[in-house]
Amino acid sequence: ANIDVEAGVYDSVRCSPQDWEEMRDWLDEGDDVGAVVVGSDSSFTFAKLAYASLMIQRGARFIATNPDAADLFGPGLYPGAGALVDAVAKASGKAPEIYAGKPSGFMLDLLSEHTGIDLSRTLVIGDRLDTDVAFGKAGKAAMTALVMTGVATMDDVEALVAEAATNADAAAALPDRIVGSLAEL
């Protein structure tokens with residue numbers, strides 16, 4: 001997409017208080033960082049956190065890919081993009097302007113617009129209530145299915161069902177189907 005991505009010195013692991021103070025000496029005030037996009041980054045460093053925070057404080061738009069706190073891999077929960085988004089939000093004092101991916105219906109609308117997908121015939125499948133199922137609901141997909149082979153547990157579903165009894169938003173967030181695995185579909 002012809003987007004220039006340059007981590008530069010921010011690939012270093014640290015940014016000490018002295019580095020932070022010296023940053024104003026070598027930071028070009030004319031640099032126009034239009035947006036800070038935060039997503040999954042297994043090379044995330046304190047220096048990247050400091051720079052992202054500073055650019056957002058200076059007016060760059062804060063865009064997040066998704067709020068997934070973690071993903072189930074190997075021995076346990078692996079930090080997801082949402083963990084980094086929360087760190088940048090806390091450091092900068094600003095919340096993301098938009099989640100460009102799940103659970104925002106924005107991405108499903110884009111997919112529909114650019115590919116001709118008929119949302120009235122679309123099934124969104126995922127292993128998370130808070131992003132995958134919410135994505136399908138926000139994008140007005142015909143149906144959503146929660147597959148129980150990932151992050152969400154039956155305890156999560158039961159808690160949402162209990163909340164749905166008195167909360168219309170929770171009721172609207174319930175998946176249309178729950179399956180043990182993709183094979184069941």
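The first residue of the sequence shown is numbered 1, and numbering continues consecutively from there.
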Interatomic distance, NZ@K140 vs OG@S120, rounded to 0.5 Å, equals 13.5 Å

field: Validation row: T144, R177 side chains within 4.5 angstrom (heavy atoms)
entry: no

Could you check whether any side-chain heavy atom of L146 comes within less than 4.5 Å of a side-chain heavy atom of V157, counting everything from C-beta outward? yes

(Q) Using side-chain heavy atoms (C-beta onward) and a distance below 4.5 Å, is L129 in contact with P175? (A) yes

Open item on the list: Donor-acceptor check, side chain of E184 to backbone of G180, threshold 3.5 angstrom: yes or no?
Closed with: yes

_For N66 and T131, which I'm curious about, is there any donor-acceptor pair between the side chains at under 3.5 Å?_
no

| Test item: S40 side-chain N/O and G80 main-chain N/O as donor-acceptor pair under 3.5 Å | no

Next on the checklist: Any heavy-atom pair between the side chains of L77 and D71 that's under 4.5 Å?
Outcome noted: no

Rounded to the nearest 0.5 Å, the CD1 atom of I56 sits from the OH atom of Y51 at a distance of 11.5 Å

Smallest heavy-atom separation, G139 atom then D109 atom, equals O-OD1, 4.4 Å

Review point. Heavy-atom distance under 4.5 Å between the side chains of L108 and V124, does that happen here?
Key: yes

Rounding to 0.5 Å, atoms CG (L72) and OG1 (T149) come to a distance of 9.0 Å

Q.
Let me check something: do L123 and V133 share a hydrophobic cluster, defined by ILVMFWY side-chain heavy atoms less than 4.5 Å apart, either directly or through other members?
A. no

Smallest heavy-atom separation, T65 atom then G39 atom, equals OG1-CA, 3.2 Å

Exercise for review: Identify whether V85 and I98 are in the same connected component of the hydrophobic contact network (ILVMFWY, side-chain heavy atoms under 4.5 Å).
Suggested key: no

Hydrophobic cluster identity match, I178 and L185, side-chain contacts under 4.5 Å = no

Between D130 and R128 the two heavy atoms that sit nearest each other are OD1-NE, 3.2 Å

(Q) Please say yes or no: joined through hydrophobic side-chain contacts below 4.5 Å, possibly via intermediate residues, are M154 and V151 part of one cluster? (A) no

Expected output: side-chain D132 to main-chain D127 donor-acceptor under 3.5 Å = yes

Salt-bridged, K137 to D169, with N to O below 4.0 Å?
-> no

What one should report as the nearest heavy-atom pair of V36 and A60 is CG2-CB, 4.1 Å

ask   = Do F135 and S104 have side chains that get closer than 4.5 Å, going by heavy atoms?
value = no

**Prompt:** Would you find a donor on one side and an acceptor on the other, under 3.5 Å apart, between the side chain of T122 and the backbone of D118?
**Reply:** yes

Heavy-atom nearest pair, R121 first then A142, reads N-CB, 4.1 Å

Review point. Within a strict 4.5 Å, meaning less than it, do heavy atoms of the I63 and V38 side chains meet?
Key: no

For residues P79 and F44, determine if any side-chain heavy atom of one lies less than 4.5 Å from a side-chain heavy atom of the other.
no

OH (Y99) and CG (D68) are apart, to the nearest 0.5 Å, by 10.0 Å

### Query
Under a single-linkage definition using a 4.5 Å side-chain heavy-atom cutoff for Ile, Leu, Val, Met, Phe, Trp and Tyr, are I117 and M107 assigned to the same hydrophobic cluster?
yes

Taken to the nearest 0.5 Å, the spacing of S112 OG from L119 CG works out to 4.0 Å

Derivation and outcome, side chain to side chain contact (heavy atoms under 4.5 Å, CB included), residues K94 and S53
CA-CA 9 Å; K94 298 193 177 186; S53 171; over 6 Å; no

Q: Classify the side-chain pair T153/D156 by whether it contains a donor and acceptor separated by less than 3.5 Å.
A: yes

Note: A138 and G105 closest approach over all heavy atoms is CB-N, 3.6 Å

